[in-house]
Amino acid sequence: MNSVVPNNKSVARSQASFDLKTWGPFIALMALALLGVLINPAFLGLDNLSNMLTRSAFIGIIAIGATFVITAGGLDLSVGSMAAFIAGVMIILMNSLVEQFGPGLTTILLGIGASLLLGLCAGFINGMVTTKGKIEAFIVTLGTMGIYRSLVTYLADGGTLSLDWGVRDIYRPVYYGSLVGIPIPVLVFLLVAVVGYILLNHTRFGRYCFAIGSNEKVAEYSAIHVDRIKTMTYMLQGVCVALATIIYVPRLGSASGATGVLWELEAIAAVIIGGTVLKGGHGRIWGTVVGAIMLTMIGNILNLTDAISNYLNGTVQGIIIIVAVYLQRASWRKSAP
Amino acid sequence: MNSVVPNNKSVARSQASFDLKTWGPFIALMALALLGVLINPAFLGLDNLSNMLTRSAFIGIIAIGATFVITAGGLDLSVGSMAAFIAGVMIILMNSLVEQFGPGLTTILLGIGASLLLGLCAGFINGMVTTKGKIEAFIVTLGTMGIYRSLVTYLADGGTLSLDWGVRDIYRPVYYGSLVGIPIPVLVFLLVAVVGYILLNHTRFGRYCFAIGSNEKVAEYSAIHVDRIKTMTYMLQGVCVALATIIYVPRLGSASGATGVLWELEAIAAVIIGGTVLKGGHGRIWGTVVGAIMLTMIGNILNLTDAISNYLNGTVQGIIIIVAVYLQRASWRKSAP
Amino acid sequence: MSTQDQPLLSARRICRSFGPNQVLFDIDLDLVPGEVHALLGENGAGKSTLVKILSGYLSATSGDIHLDGEARHYRGSGEAEADGVVMIHQELALAEQLSAEENIFLGRELRRGLFLDRKAMRERCREALAELETRVDPRARVKDLSTSDQQMVEIAKAITRDVRVLIMDEPTATLTEHEVEVLFALIARLRERGVAILYISHKLREIERIADRVTVLRDGRLIDSGPMAGRSKEALARLMVGREITDMYPERSALASDAEVVLEARNMVVPGAVKQASFTLRRGEVLGFGGVVGAGRTALIEALLGLRPRSAGEVLRNGQPVALRHLRDAVRQRIAYLTEDRKGKGLVLNMGLRPNLTLLNLRAYCRPLIDRRREEQAFHEAIERFDIRLRTEARTAAELSGGNQQKLLLAKVMTIDPEIVIINEPTRGIDVGTKHQIYHFVRELTEAGCSVILISSEMSELIGLSHRVAVMCAGVLTGVLEGEQINEHEIMQYASGIKGVGVDEQRRA
Amino acid sequence: AQDYTIGVSIPAATHGWTGGVNFHAEQAKERLEALHPEIAITISTASDPGGQANDLEDLVSQRNIDALVVLPFESGPLTDPVRRVKESGVFVTVVDRGLEQEGIEDLYVAGNNHEMGRVSGEYIRDQLDGEGDIVVLRGIPTVIDEERVQGFQEAIEGSDINILDMQHANWNRDDGFEVMQDFLARFERIDAVWAQDDDIALGVIEAVRQANREDELFIVGGAGMKDIIARVMEGDELIPVDVLYPPAMIATAMDLTVQHFVSNGPVVGEYILGSPLITQENAEQYYFPDSPF
Ligand SMILES: Nc1ncnc2c1ncn2[C@@H]1O[C@H](COP(=O)(O)OP(=O)(O)OP(=O)(O)O)[C@@H](O)[C@H]1O
Ligand SMILES: Nc1ncnc2c1ncn2[C@@H]1O[C@H](COP(=O)(O)OP(=O)(O)OP(=O)(O)O)[C@@H](O)[C@H]1O
Ligand SMILES: [Mg+2]
Ligand SMILES: [Mg+2]
């Protein structure tokens, strides 16, 4: 009688799977952490954990911006070289401001301001060319990726731009300092994540991103300024890149053509691992945060062991990423066959 | 009664725009060639043109495979490192076969066969993990990208794998030789393009790719084996990569971790420049061919002049890509407002 | 050929649940060759769910399906199709980026050797489209076709297969009267050939014309099933809704003779679609727009609202020229627009119901963050006001039944509290009961001083509701009919360009 | 009248050292063109071996070069393309990385990666009195990296120096920083760090500073970056020495190639540059504050 295979669990699924969709990435993260501990107990060291989180802040902050862009159906390949470019300009600017203002707060604040402005403009350009020029985001940002990368190489004369040592000493705490025991980059990351979460899930802008990513036509017929919102996602991405750069520069105090290479791929990977859909219409900030931490963690775990030939790092990394995502997706699927 | 004739123009429109969509890439290519001639008449030299076309064959052949994958709504980031890996295995194999068979045709044919088989398998793996594992293609192929890249580094012990010089001398004509005045790689490229065109536009497989990329659900309802077709696109991509590798190896006679870096980006760019839609559902082989040639041409043109600092190559390249695509898309838009 | 009492396809005790909610309860259904079986029911009654089960798109929670007396367990629509059970979807199931021809043959392309036999397919496709008397170009991409043309492609897709059982889920919702006639002729031919036909529609007039047998569902239960003979439209409506429906069209609200003009369009030109159209709309008025599909009504209105580019024309709101460049400008002018394409342009199908409802006027629910409670409240009001039936906890708009989607869309449009409401085919896929409610709703609007523009291909709707009817033909606004002039014959004459201003002159120009 | 065209093909400035190569090539071009009006120099940069092979073809077919100065991305893949250039009658100078076949180049100007590793290894061995725990940060997995590591390992062979672990830091500051952070978290005691490259060393310095373990260890970089040399000059105990591997070798090669055309006799042969140890005493002569590297 009951021969026909039914789908009758679907609503139960809808709730259970919703939970699992939310918690899936966290579960995968825990599994990964367990692996880390098994490989080397030093993994759980406070220093190591704090190092790892601090590191993940760059990619994490950039990936939060990317979550918006991707949710709204776009793509930004230029973030890595944009970061390098912003870092370069910021260093040049601060180095020259030192002469006027000395290595003080003014110099740093002006540098930070310029960085944010630059990020905003860079994002604006990406957004306008994509929307007004009606060119695929892939092409536009591939183009600007090359442009920024070569501009920073040009600015650095092929070498490295180094921040004035005086400024560096004052600026240093932005990366190395901590507040109530938490490293500042981690705080910034958390702050950006919270703001991003609110923006994506509790504001009009976020809602519009979802709508545009799902169906641009419907968005247009819902009186949404599609081009404007899309451009804004790129601008937000730019600001996120600028923020990441602001906490990146005090770390090593330098920028070169090699800065931020492949960050775009890492950022997009973090976003997708987190459960955001690459084709748009569905985005999750906490997923992205976990994705970013997961990527950093894989690198960290590999550095904690010499069991594997160095040459095979990439293999292990690749396998872990695929397995982690599989586990995570599987946990959704189990409840929804 | 039936005096209403409203719809007759829409047909005419659809044809006009279709033509421009087909010819748009060619127009952009012509514009680019004109730029080349203006910068340096040597651009038109027979040697130069033949060099350029020969070069574009690698990316071109890979991009033709990518056209299928992308049309069917997938993505393959692993092609570059897959090429490196295949090249590596092929070289190791041929070097060891030399001892048995000597540096003859047998060795080379066996190498070629192994290469094709490997490509097929690699594509199969990508396809199966994506479809059966239900993991995003982006993640899977990002993972395999790392895996292949590190495997080739491992095989080469961090260094370079070099083809036996005896074999190299025999194998050399595959890249440097020509038939009826046309370099062999160009012939292969053309052949792959023609086969690809027929496959995409004149067989069920191609049509299913369009359907799946356009709407997977509808394809499934139409009794299409979605997973199978998708896996087949990855396998086709693998074969294309193997073919590209087969004509690549005699050129440089070696493989290392640095082989094929960023080819995936170039291949995807060629596909998108050619007018294939990144989100799937629409693909054009000739567009891809033109896209691949265009990318090579930009590099070639940059070598024609000293006017621009080498550091700014990327800037010029980026601008040219964006402008070229803009021109091409603009030509569609004019006729279809 | 099987005999009359031998059912071709029969369903026994079909149950179906979505999660904890059961939407079908022990449904029995028999389809007999050469018979048109009509399936009726309110929006959300479970009709689409039932037919999807019959044709293999969904599986039943329990129950059996027999074909030719043999039990069948379809695991996919492909298997059902191989048995000759073919369905025309309510929710269009076409690959948008493929051409009409490619869609029609999707999954069973004709081949010559390894290659597609494009010529043969084009030939067959032309034949099928010709049989349906439509002008659809086989090479046109489905994305670029109007909804009615898409529906015709869907029908063509079905009839080019070897059908034994043809299931049609509201095929006429988006069709013009002419196309409906063509379809009926086709149905008649298929019936002659001994095809069993299951036909779902909310248009009782159609049921009356073609059905041999009817089955009525209400809330997922079988209410009645039997021969059509001896049943009236009214009786069917009562069975469906469970109550009597009288005065389908409410009395028109009285229109003050000095009612001021709230909206005026002058000399609107849309390239390729509309030539020099002007009209006015007064306070409290229902202005109907008639014409065959493709006459340019949608183009005219959408150009007015800034949704499409126009090459000339002026829009005045309360006598003041206004520049509407984006739909947002129109919303600011308190003009609401209900699109005719609810899936393509109306609702974000993979988004929740509440976000869909508030998307148009999200501002009103922000302070400054989105206030979920207010959204929830608005949603409950909308459910009440527009009678949206939620029998399951639908997470996304895609899970609503077709008619309920339409109601949600109407509710969405009304969130801006408009003064001018432009509704394009508002009752598409809506059951009689709700239609009745919507008509009364239109009247309430005009009572309250709002003005309504009603674009409709349903003649009776235009006639029943409008104070004036503007008729278009081939992009030309041929005339505005008033009072006694508003009748079927007159509208047809204007719609086909026989009567009315300047059709020929303008076309020649 | 420009009688000679010299093509220079080098890797693009993707990290510090190649950046230095680019800089010195540009400088040499300006200097030589000013000095010898009859000579024109064209520089092209590539970001992978295939791209460099393209550049070589273009230099021949578009520019009709008379001489080629090439710093191969990798030896293996570029052997054949360079041979083809040679076969078209061009004077070939190979810089830094030797080709896999003998006798193609007319002139070979090279650093010595093996020796660079050896010098570093010997210094660490001597400094630690032949016993201690060290970590190694390697470059991008390539032949160069492999040769350096081999040289290094040969130098410490037989001593009681224990390499705790080696990881790739890809000649990149950020990677150097992160890998070192992890080493520091993992190992209680590290006596010395071989960073192989000054870019990596800069990252390592910051990581060590962060962990406040400056007193425990010292770092040996390589190449001769001005920032590092400045520290060596100042007598920084964290970075007591550097091992030279000068990007300026490209300029030397260009000079020699030009000499071949302007001087009377042919200039051929091998010019191997050593990898001297830069200490506080001799640092001054390797310090070029105007170089970007
Ligand atoms: N995938 C689904 N998940 C959850 N509920 C669903 C799903 N599909 C349909 N439903 C629910 O099942 C009920 C029956 O829907 P169905 O589409 O069969 O109605 P219908 O009779 O076709 O209505 P209409 O006349 O509006 O098309 C509705 O309440 C609908 O919300
Ligand atoms: N963007 C456009 N460019 C060119 N022609 C168009 C465009 N949009 C619509 N048309 C054409 O204009 C005509 C009018 O189409 P429209 O959809 O406005 O008809 P309609 O009368 O509103 O139909 P319906 O009854 O479905 O609302 C059609 O022939 C259509 O092909
Ligand atoms: Mg329905
Ligand atoms: Mg219309």
Side-chain angles (χ1 to χ4, degrees), chain B residues 36 39-43 45-52 54-55 58-59 80 83 87 91 149-150 152-154 156-163 165 168 172 175-176 248-263 296 299-306 309-311 313-314, chain D residues 7-14 19 22-23 25-26 29 33 40-64 72-81 83-84 88 97 100-101 138-147 149-150 168 170:
Chain B
I39 287 178
N40 190 337
F43 177 81
L46 209 63
D47 267 5
N48 190 49
L49 287 181
S50 125
N51 279 344
M52 212 174 52
T54 312
R55 256 174 237 171
F58 305 137
I59 291 300
I91 288 171
R149 171 104 22 238
S150 88
V152 70
T153 313
Y154 180 74
D157 244 343
T160 310
L161 290 162
S162 286
L163 187 58
W165 283 94
R168 219 184 272 208
R172 231 163 157 254
Y175 183 82
Y176 292 106
Y248 170 84
V249 167
R251 178 174 197 204
L252 303 184
S254 73
S256 73
T259 304
V261 169
L262 290 188
W263 280 9
T296 321
N300 186 263
I301 288 176
L302 286 174
N303 277 340
L304 286 172
T305 169
D306 288 331
S309 157
N310 271 319
Y311 299 138
N313 273 358
Chain D
V8 178
S9 169
I10 50 180
T14 48
N22 273 264
F23 173 79
E26 292 284 350
K29 170 182 151 87
E33 280 182 342
I41 297 176
T42 287
I43 301 175
S44 62
T45 61
S47 47
D48 59 275
Q52 193 168 23
N54 293 348
D55 283 352
L56 296 186
E57 283 176 1
D58 286 349
L59 285 172
V60 174
S61 76
Q62 298 176 347
R63 300 310 185 83
N64 261 318
F73 224 99
E74 287 184 351
S75 314
L78 283 151
T79 300
D80 221 20
R83 187 172 72 175
R84 284 175 63 84
S88 67
R97 298 160 205 180
E100 286 194 342
Q101 271 193 329
R138 307 182 56 164
I140 296 171
T142 52
V143 181
I144 302 159
D145 173 66
E146 198 59 36
E147 284 181 356
V149 172
Q150 263 177 23
H168 287 284
N170 308 319

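To find a chain, count down the sequence lines: A is the first, B the second, and so on, and within it residues start at 1.
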- prompt: Are B/Asn303 and D/Leu59 close enough that some pair of their side-chain heavy atoms sits under 4.5 Å apart?
  reply: no

- prompt: Checking D/Ala13 against chain B: side chain, backbone, both or neither under 4.5 Å from a heavy atom?
  reply: side chain

message: Within the 4.5 Å heavy-atom criterion, are D/Leu56 and D/Pro81 side-chain neighbours or not?
response: yes

- prompt: Does D/Gln52 have any side chain to side chain donor-acceptor pair (under 3.5 Å) partners at least two apart in sequence or in another chain, and if so, which?
  reply: D/Ser9

query: Of the backbone (N, CA, C, O) and the side chain (C-beta and beyond), which part of B/Pro41 lies under 4.5 Å from a heavy atom of chain D, both, or neither?
result: neither

- line: Cut-off 4.5 Å, heavy atoms of chain D, and the answer for B/Tyr175 is side chain

- prompt: Side chains of B/Tyr311 and D/Thr45: closer than 4.5 Å at any heavy-atom pair?
  reply: no

- request: Step by step, work out the side-chain contact (heavy atoms from CB on, under 4.5 Å) result for B/Ile301 and B/Asn40.
  value: CA-CA 8 Å; B/Ile301 288 176; B/Asn40 190 337; over 6 Å; no

Interface moiety of D/Asp58 toward chain B, non-hydrogen atoms closer than 4.5 Å: both

query: Given the options B/Asp47, B/Thr153, B/Thr160, B/Asn300, which has more heavy-atom pairs under 4.5 Å with chain D than any of the others?
result: B/Asn300

query: For the candidates D/Arg83, D/His168, D/Arg138, which exhibits the highest count of non-hydrogen atom pairs separated by less than 4.5 Å from chain B?
result: D/Arg83

- line: Most heavy-atom pairs under 4.5 Å with chain B, out of D/Arg63, D/Glu146, D/Glu26, belong to D/Arg63

Part of D/Glu57 within contact of chain B (heavy atom distance under 4.5 Å): both

query: Based on non-hydrogen pairs under 4.5 Å, which of B/Arg172, B/Arg251, B/Arg55 is most in contact with chain D?
result: B/Arg55

- request: Look at B/Phe43, B/Phe58, B/Trp263, B/Tyr176 and state which one has the largest set of heavy-atom pairs under 4.5 Å with chain D.
  value: B/Tyr176

field: Verdict with reasoning, D/Glu74 to B/Ser256, per side chain to side chain donor-acceptor pair (under 3.5 Å)
entry: CA-CA 9 Å; D/Glu74 287 184 351; B/Ser256 73; 2.7 Å; yes

task: Begin with the C-alpha distance, continue with both residues' side-chain angles, and end with the deciding distance and a verdict on side-chain contact (heavy atoms from CB on, under 4.5 Å) for D/Val8 and D/Thr42.
output: CA-CA 6 Å; D/Val8 178; D/Thr42 287; over 6 Å; no

Heavy-atom pair count under 4.5 Å with chain B, highest-scoring of D/Asp145, D/Ile43, D/Asn54: D/Asn54

query: Got D/Ile10 and D/Asn22 here, is their nearest side-chain heavy-atom distance under 4.5 Å?
result: yes

message: Does any backbone or side-chain atom of B/Asn313 lie under 4.5 Å from a heavy atom of chain D? Answer side chain, backbone, both or neither.
response: side chain

